[in-house]
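Note that these values count all heavy atoms, side chains included, but never hydrogens, waters or copies made by symmetry. These numbers were taken from a predicted model, which means no experiment stands behind them.
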Amino acid sequence: MWKLRRILLSRKQATKPELADLTGLSVVTVNALITRMLEWGEVTEDGTAPSRGGRPSARYAYRYGFRKAAVICAHQSQGKTVIRAFVTDLGGERLWEKRDVKEEIAADSFDALLDEAVRRFPDISLIALGLPGEAWNDLVSICDFQALTGTAFLPRLRERYGLPVLFENDINAMVFGFGLRTGHSALEPLAGVYFPGNYGPGAGFLIGGRLFYGMEHCAGEIGELPVPFPWEELDYADEKQVEEQLTVLLLSICCLMAPDEIVLYGEFVTDALAGRLEEAIAGRLRRSFRVKITASRCLEEDFEKGMTGLAGKEMESRLAGLV
């Protein structure tokens with residue numbers, strides 16, 4: 001079933017003979033599986049393929065709306081929290097979206113948006129949260145929104161909506177989305193660093209096309225790395241101070257990970273700063289390898305694209321239970 005589903009997800013539509021050729025399954029097996037998927041509503045019959053002589057073959061299309069996710073993305077902007085809520089399907093199509101801005105975040109801050117999403121799409125099968133923190137099982141161990149830390153937040157959402165909940169760190173989602181948007185090679189390690197301003201920075205690492213989480217999802221918590229200035233005292237308006245701070249920080253990432261590229265997110269980050277950092281780090285590494293430093297102005301786009309992709313992967317993995 002999984003082979004067949006993956007082929008249909010990627011090709012959008014195919015005939016039974018094509019599916020048999022692509023999966024290595026017999027036509028009899030493909031026929032049985034397609035019959036089951038038709039009953040579930042996972043695929044639909046979509047006309048016939050052009051005949052090459054003989055009876056035309058029916059064509060079957062994957063119905064991406066078979067599973068939908070409600071996605072929440074929250075990030076800091078000019079001292080406030082910007083929340084983007086949207087509903088996406090297995091094909092990544094956005095079916096609904098809404099934006100909100102809040103001064104403070106509490107455990108129920110996302111309820112109104114999620115209530116509306118579930119009301120509009122009662123068949124939502126997943127809630128996906130992109131937030132500035134880390135979660136392991138039911139424990140939100142670290143979060144810039146202090147009201148969400150502990151073991152109550154995630155179980156509360158699951159109980160309220162009766163749905164599984166995916167919690168993803170914001171910079172993890174951003175770097176995943178950057179990789180998707182730019183077509184970054186899965187063969188080359190990619191790092192991302194986000195400077196929210198009000199809080200210390202966080203990092204995300206994409207290795208082999210997959211996010212690297214480390215123990216209990218704590219990889220990328222770089223706020224405690226030794227740097228010249230405490231993050232709460234850093235003057236982001238002082239270019240020299242910022243450049244010195246970021247050179248040390250990014251050099252640590254380069255020495256440990258040796259990424260092909262590091263993408264930077266932050267209101268103060270410019271192309272000129274990225275260029276100076278790239279040269280400074282190349283000099284410190286004595287040209288053993290050269291890392292590309294990129295200043296991204298696509299924080300929201302990368303964040304939302306990343307969360308869309310990660311929600312899609314989670315929904316796909318949960319389809320494995322359908323056999």
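Across every non-hydrogen atom of Met174 and Asp302, the tightest pair is O-CB, 3.6 Å. In terms of heavy atoms, Cys73 sits closest to Met307 at SG-CG, 3.6 Å. The shortest non-hydrogen separation linking Trp40 to Arg5 is CZ3-NH2, 3.8 Å. Nearest heavy-atom pair, Ala74 versus Phe303, reported as atom, atom and distance to 0.1 Å: O-CE1, 3.5 Å. Arg63 approaches Gly41 most closely through the heavy-atom pair NE-O, 2.7 Å.
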**OP:** Determine, stepwise, if the pair Thr81 / Gln76 fulfils side-chain hydrogen bond (donor to acceptor under 3.5 Å, both in side chains).
**Re:** CA-CA 5 Å; Thr81 299; Gln76 290 287 304; 2.7 Å; yes
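Taking the side chain as every heavy atom from C-beta outward, Val242 and Phe229 never approach each other to under 4.5 Å. Two residues are said to be in side-chain contact when any heavy atoms from C-beta on lie closer than 4.5 Å; Leu249 and Phe195 meet this criterion. Residues Asn172 and His217 are not in side-chain contact: their nearest non-hydrogen atoms beyond the backbone lie 4.5 Å or more apart. A heavy-atom distance below 4.5 Å is found between the side chains of Phe110 and Ile105. Side-chain contact between Val165 and Leu163 is absent, with no heavy-atom pair separated by less than 4.5 Å. Residues Ile262 and Ile281 fail the side-chain proximity criterion, which asks for heavy atoms closer than 4.5 Å. Inter-residue side-chain proximity for Leu4 and Ile34 is flagged as met; some heavy-atom pair is nearer than 4.5 Å. Between Lys68 and Trp96 the shortest side-chain heavy-atom distance does not fall below 4.5 Å.
Glu233 places no side-chain N or O within 3.5 Å of a backbone atom of Pro230 that could act as its donor or acceptor partner. Asn137 places no side-chain N or O within 3.5 Å of a backbone atom of Leu139 that could act as its donor or acceptor partner.
Taking 4.0 Å as the cut-off between side-chain N and carboxylate O, Glu116 and Arg120 count as a salt-bridged pair. Using a 4.0 Å cut-off between charged nitrogen and carboxylate oxygen, Lys102 and Asp100 count as a salt-bridge pair.
Under the 30°/60° scheme for interplanar angles, the aromatic rings of Tyr265 and Tyr194 are found to stand perpendicular.
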